[in-house]
Amino acid sequence: MSEDRDPLAGIDPHTLDWHQGAVDGDPAVCGTPQPGRPNYPCIWNKGYHAEHRDVFGNTWAAREPAAIVTPTPRRNMDGTVTVTTSDEGDVRVLCPSWCTFQHGYRHLPAKAEIAHHSNPVWALADTPEHGPTTLVEVALVQWPYSSRPQVFVSVESDDGHVETGPAGARRIAAALRTHADHIDALADKATRLRAGEDR
């Protein structure tokens, strides 16, 4: 007889938090139901993503929403921006100094979907074969009116972007440093292979 086991046991707390937001209908979280598994909706934020992803990492195709004409944000004399929302009408937003986002949205946002974004930064590699190539976009992001109002670090991944706090961002940086060592090791091996010194 098998014991009942919590299917979410072992999932990291940050991912669980986004899953709970999706289940609870947090307007900053996508929450699109998964076909055949409606209890495990998409945990990405409301920004564009090519695929939906659940708490376990399972993905399914995302469809483009129908185009909606949204009001243009208005810049005010006091430095705020007025954003028209679907639930609270016009909201005056005071941007932090690092926010460079124009607050134009592809759909009429709920207040909790209003986001601050910094300028993205990429690693730039200039290779003989491909010239300048950008890798791994990173930026600061914040949803000040959501249930998660803290500032996150957004890092480009295979599935779109992941948003994480300072501790998670440092772990990603450490993983990238380790990966850089692996790339150096592969470059050394490629050099030996080209010289016929290795198989």
Side-chain angles (χ1 to χ4, degrees), residues 4-68 70 83 85-88 91 93 96 98-99 101 103-122 135-176 179:
D4 286 340
R5 189 173 82 76
D6 179 2
L8 298 175
I11 303 291
D12 74 90
H14 177 74
T15 302
L16 278 177
D17 192 34
W18 282 95
H19 170 70
Q20 193 60 51
V23 170
D24 292 344
D26 184 324
V29 184
C30 176
T32 297
Q34 182 174 176
R37 302 184 77 195
N39 293 335
Y40 300 104
C42 179
I43 64 169
W44 290 130
N45 65 53
K46 282 286 181 75
Y48 172 76
H49 41 276
E51 290 185 317
H52 295 299
R53 178 183 185 275
D54 72 8
V55 67
F56 303 111
N58 301 312
T59 60
W60 65 100
R63 292 201 171 108
E64 281 287 320
I68 298 173
T70 59
V83 177
T85 66
S86 61
D87 54 351
E88 296 199 21
V91 175
V93 179
W98 51 266
C99 178
F101 185 45
H103 293 283
Y105 296 86
R106 291 156 53 109
H107 64 285
L108 199 62
K111 183 178 179 182
E113 294 178 84
I114 293 173
H116 297 308
H117 294 269
S118 70
N119 275 328
V121 178
W122 295 266
L135 306 163
V136 193
E137 177 187 308
V138 296
L140 294 176
V141 64
Q142 180 186 28
W143 293 271
Y145 305 110
S146 75
S147 61
R148 298 168 184 78
Q150 302 88 351
V151 177
F152 291 92
V153 177
S154 174
V155 182
E156 183 180 20
S157 73
D158 286 344
D159 298 318
H161 287 80
V162 294
E163 289 81 26
T164 185
R170 289 190 179 96
R171 288 180 186 175
I172 291 170
L176 290 172
H179 200 54

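We number each residue from 1, following the sequence as shown.
- For Glu88 (side chain) and Ala110 (main-chain N/O), no donor-acceptor pair under 3.5 Å exists by modelled atom type.
- Between Ala115 and His103 the shortest heavy-atom distance is O-CE1, 2.8 Å.
- Of the possible donor and acceptor atoms, none in the side chain of Arg37 sits under 3.5 Å from a partner among the backbone N and O of Asp54.
- One distance of note links SG of Cys30 with CZ of Arg53; it measures 12.5 Å at 0.5 Å rounding.
- Aromatic ring pairs are classed by plane angle as parallel below 30°, tilted from 30° to 60° and perpendicular above 60°; the pair His14 and Phe152 is tilted.
- Looking only at atom types and distance, the side chain of Asn45 has a donor-acceptor partner in the side chain of Glu163 under 3.5 Å away.
- Annotation: the span from Ile43 atom CD1 to Gln34 atom CD amounts to 11.0 Å, rounded to 0.5 Å.
- The NE2 atom of His19 lies 9.0 Å from the CD1 atom of Ile11; values are rounded to the nearest 0.5 Å.
- Ring planes of His117 and Trp143: perpendicular class, angle over 60° (limits at 30 and 60°).
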Residue pair Val93, Tyr145: steps toward the side chain to side chain contact (heavy atoms under 4.5 Å, CB included) verdict: CA-CA 10 Å; Val93 179; Tyr145 305 110; 4.2 Å; yes
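- Between Asp26 atom CG and Gln20 atom CD the span is 10.5 Å, to the nearest 0.5 Å.
- If you take SG on Cys42 and CG on Asn58, they are separated by 11.5 Å, rounding to the nearest 0.5 Å.
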Could you walk me through whether Leu8 and Tyr40 pass side chain to side chain contact (heavy atoms under 4.5 Å, CB included), step by step? CA-CA 10 Å; Leu8 298 175; Tyr40 300 104; 4.1 Å; yes
Assess whether side chain to side chain contact (heavy atoms under 4.5 Å, CB included) is satisfied between Val138 and Trp122, documenting all intermediate values. CA-CA 6 Å; Val138 296; Trp122 295 266; over 6 Å; no
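- Atom CZ of Phe101 is separated from atom CD1 of Ile114 by 10.0 Å, given to the nearest 0.5 angstrom.
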